[in-house]
There are 2 protein chains.
Amino acid sequence: MTQATRRERLRAETERDIRRQARALLVNHGREAVTLRAIAREVGITAPALYRYYDSREDLLRHLCDDICHDLEAELYAALAPLGEDAGHEQVYAVCRGFRRWALAHPQEFSLVFASPENVIGSVGPEDLLKVGDQFGKVFLEVASRLIAKHDHPHGEEVAEPPEVLHNDLRAFQQVMIRTVTARGVQVDEESLHLGAIFHILQAWVRLYGHVALEVFGRFPLAVSDPEPMFDAMLASLLVPMGIEE
Amino acid sequence: MTQATRRERLRAETERDIRRQARALLVNHGREAVTLRAIAREVGITAPALYRYYDSREDLLRHLCDDICHDLEAELYAALAPLGEDAGHEQVYAVCRGFRRWALAHPQEFSLVFASPENVIGSVGPEDLLKVGDQFGKVFLEVASRLIAKHDHPHGEEVAEPPEVLHNDLRAFQQVMIRTVTARGVQVDEESLHLGAIFHILQAWVRLYGHVALEVFGRFPLAVSDPEPMFDAMLASLLVPMGIEE
DNA sequence: CCACTTGGTAAACACCGTTCACTAAACTGG
DNA sequence: CCAGTTTAGTGAACGGTGTTTACCAAGTGG
C-alpha cells in the first residue's frame, strides 16, 4: 500500500492546520498565546485531541521551532538564488543581511527559537552535530565554509591557530561541515577547510548571531533611531579581515 | 515623623521577603515557577495579598530584573575593588570576565533580564537614557569609557568616524556616559570621549554581550567541551585592536 | 464481517492571574 | 481617648491553563 489512506491524508492535513494555527498565534500574540486550547479552538477540535499529534505543548513548540528554522533556511536560499555560484563574497553578505532582515521581520519566531532550551527533534547522534543549539546558523556556516575552502584566504593572511583545547571539538565540527558542503556539490577537504578556518567561521557566526539577537531583543544600551549602520559596521569589521569584501 | 511606623517596617520586611522568595523560585525552578501562588505560599500569605505590593505579576518580575541588575553591578564592582584606579586595562578585562562568569553562574537570572521586553521601572526621561534596554552593560560601559578617555588610544590608532546617521544618537549617549564617568570622580569631556570612541565602546559591548548571551542560551552551533578559550579569543580580538592589552 | 486502530469528546484534576467585597488591625488627628 | 481612615490580608469567584482518562465512533485491514 503506497497510496495514503484517507485517514492518513486527513491526519496530515490536520497536523498542517495545527502547525499553521499555532504559528499564527505565535506571530500575532507571542509565545504565551500559543496555548493548546487556543490552537484547538482555531482548528475546531478540543485541546485533548492535540495529544493525538503531539506528546505535550513543549513537543508542539519544538516542532514549531523546526518549522521556523526551515522557513529561515528557505528564505536565505531564495535570497542566494539570484547570485551565481562564483559570487561567494556576495553570498556571505547576502546571508548575513538576510538573516538580520528575517529576524527583525519575525521577532516572535526568532525569540521562540533562541530562547528554547532544546530544539532538537528526535535523538542526537554523531551524525547530527550540526543540530546542536539551533539551525539558524546552517546556511551561513555552509556558505562561509564553501567560500573559505575555495579561496583559502585571498589576502594570504595567516590565521591564528585555534586554542589547543578546542581541537577535538573543532575537528568533529570540521567533519560535519566538510560533509555538508560536499553534499552540495563542492569538494572540500581538511586542508582547504582547516581548523583555523573553521574556528574563524565559528567566531564570525557567534558575532553575527549575537549582534542580531541583541537587536531583536532590544538589548542595545541606547535608543538607536537607525540600527542598520551599526549592523553594517559590524559586518565590515567582521568580514573584511577575513578577506571577504563586498 | 521621620521614624518609620511599625506598619512601614513590616511592609518593607514583607516586600523583601516576597522578592527573596521570588528570586529563589526563579533560580531553582525557572521563570515559569515564579507564580504568584508559589511566592505567596513561601511568604505565608495568599496570592491576592501580593497585589498590595505589586500591580501585577509582570510588575513583580520587573522589580526582580532590577534586583538582578543591581546584584550584577555589585559583583562587578567587587571584582574591581582589588585593582587600582590606574589599572584600567585590567579593569576592563576583569569586567568582561566577571560578566561572563556571573552570567554562566546565574543562567535563570540572566535569561529573565535578557528576554524581558521592558525592564525599566518608572518613567524614562532624558536623564535615563542609560536605562534603555537593560542595565547589564552599565559597569562595562563606565570602565571602558573611563579608560579610553584617560588614554585616548595609546597606540595612536585612528578610529573610524561613526556613520553619520548615528551621530545624534551617539551624542545623546555620549552625554550620558560623560555624566556617569564624571560622577565617579574622573573628568572627561567630549574631546577625550569623542563620538568615535563612544561608537567603538558600544560595538565592543554588543559583541561581548552577544557572545555571552549565545553561550548562556546554548546557541553555539557545536558542542564545546570548554568554551572559555573561545571567550578569551573573542576578548583578545575585541580589546587588543582597541589598545587594551592585558 | 470483525478485531483493532485511530481521532475526537467530555469530565475531571490541579494549577494559573486577577478582581472584589469584606474584616480586622494599625494609624491619624481632633 | 475615640472616630474615621488607611492598609494588609482573606475567601470567593471568574476565566483561563496543561494534562489525563474513559468512552464512543469512524476507519482500516485481514
Side-chain angles (χ1 to χ4, degrees), chain A residues 1-26 28-65 108 112 115-118, chain B residues 1-26 28-65 108 112 115-118:
Chain A
M1 285 301 298
T2 49
Q3 187 88 307
T5 63
R6 180 166 179 272
R7 178 184 272 177
E8 283 165 349
R9 275 184 278 108
L10 281 187
R11 180 183 175 90
E13 175 58 37
T14 303
E15 195 165 352
R16 275 193 294 272
D17 200 18
I18 290 168
R19 298 270 264 285
R20 188 167 50 229
Q21 300 299 343
R23 176 75 84 87
L25 285 165
L26 172 70
N28 297 324
H29 306 291
R31 189 187 191 276
E32 303 291 327
V34 187
T35 67
L36 297 185
R37 285 175 163 92
I39 299 168
R41 250 189 320 263
E42 296 295 328
V43 176
I45 56 177
T46 65
L50 289 173
Y51 288 88
R52 293 287 181 181
Y53 301 84
Y54 304 96
D55 292 334
S56 63
R57 177 174 182 262
E58 278 303 311
D59 185 35
L60 195 161
L61 290 177
R62 265 197 297 269
H63 280 88
L64 218 45
C65 285
Q108 302 286 11
L112 178 69
S116 291
E118 198 58 69
Chain B
M1 287 299 296
T2 50
Q3 186 87 306
T5 62
R6 180 167 178 273
R7 178 184 272 176
E8 283 165 349
R9 275 183 281 108
L10 280 187
R11 179 183 176 89
E13 174 58 38
T14 301
E15 195 164 354
R16 276 193 295 274
D17 200 17
I18 290 168
R19 297 268 266 282
R20 189 167 50 229
Q21 298 297 346
R23 178 74 88 88
L25 284 166
L26 172 69
N28 298 324
H29 306 291
R31 188 186 191 278
E32 304 291 324
V34 188
T35 68
L36 297 186
R37 284 173 162 91
I39 299 168
R41 257 192 310 269
E42 296 296 327
V43 177
I45 55 177
T46 65
L50 290 173
Y51 287 88
R52 293 288 178 181
Y53 301 84
Y54 304 97
D55 292 334
S56 63
R57 179 174 178 261
E58 278 304 311
D59 186 35
L60 196 161
L61 290 177
R62 266 194 298 270
H63 280 88
L64 218 46
C65 285
Q108 300 286 8
L112 179 70
S116 291
E118 199 57 68

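Hydrogens, waters and symmetry mates play no part in the numbers below; they use all other heavy atoms, side chains included. In the text below, chain A, chain B and the rest are named by the order of the sequence lines, each starting its count at 1.
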Nearest-Å distance for atom pair CZ/P, residues Arg9(A) and dT6(C): 17 Å
Min side-chain heavy-atom separation Asn28(B)-Gln108(B) under 4.5 Å: no
Side-chain heavy-atom pair Leu60(A), Ile39(A) within 4.5 angstrom cut-off: yes
Value in whole Å for how far the C1' atom of dT6(D) lies from OH of Tyr53(B): 14 Å
Upstream residue (5' side of DNA chain D) when Ile45(B) and Arg52(A) are each assigned their closest nucleotide: Ile45(B)
Give each protein N/O atom lying under 3.5 Å from an N/O atom of nucleotides 16-18 of chain C, with the pair distance.
residue	atom	partner	partner atom	Å
dC16(C)	OP1	Thr35(B)	OG1	2.9
dG17(C)	OP1	Leu36(B)	N	3.3
dG17(C)	OP1	Arg57(B)	NE	3.1
dG17(C)	OP2	Leu36(B)	N	3.0
dG17(C)	N7	Arg37(B)	NH1	2.3
dG17(C)	O6	Arg37(B)	NH2	3.0
dT18(C)	OP2	Tyr51(B)	OH	2.6
dT18(C)	OP2	Arg57(B)	N	2.9
dT18(C)	O5'	Tyr51(B)	OH	2.8

Distance, rounded to the nearest Å, where Leu50(A) contributes CG and dG8(C) contributes P: 9 Å
Value in whole Å for how far the P atom of dC27(C) lies from CZ of Arg7(B): 6 Å
Thr5(B), nearest nucleotide to its side chain (from dT28(D), dA8(D), dT28(C)): dT28(C)
Ion pair check, Glu8(B) and Arg11(B), cut-off under 4.0 Å: no
Distance, rounded to the nearest Å, where Glu8(B) contributes CD and dT7(D) contributes P: 10 Å
Nearest-Å distance for atom pair CG/C1', residues Asp17(B) and dA8(D): 15 Å
Whole-Å gap separating C1' (dT17(D)) and CG (Leu25(A)): 14 Å
Nearest-angstrom distance from the residue atom CD of Glu15(B) to P of dT7(D): 14 Å
Set of side-chain hydrogen bond (donor to acceptor under 3.5 Å, both in side chains) partners for Arg20(B), sequence neighbours left out: Asp17(B)
Residues forming a side-chain hydrogen bond (donor to acceptor under 3.5 Å, both in side chains) with Glu32(A), sequence neighbours excluded: none
Donor-acceptor pair present, Arg11(A) side chain and dT6(C) base, under 3.5 Å: no
Set of residues satisfying side-chain hydrogen bond (donor to acceptor under 3.5 Å, both in side chains) with respect to Arg6(B), sequence neighbours excluded: none
Sequence neighbours excluded - side-chain hydrogen bond (donor to acceptor under 3.5 Å, both in side chains) pairs with any residue from residues 35-57 of chain A: Arg19(A)-Tyr54(A)
Any Thr46(B) side-chain nitrogen or oxygen under 4.0 Å from OP1 or OP2 of dG9(D): no
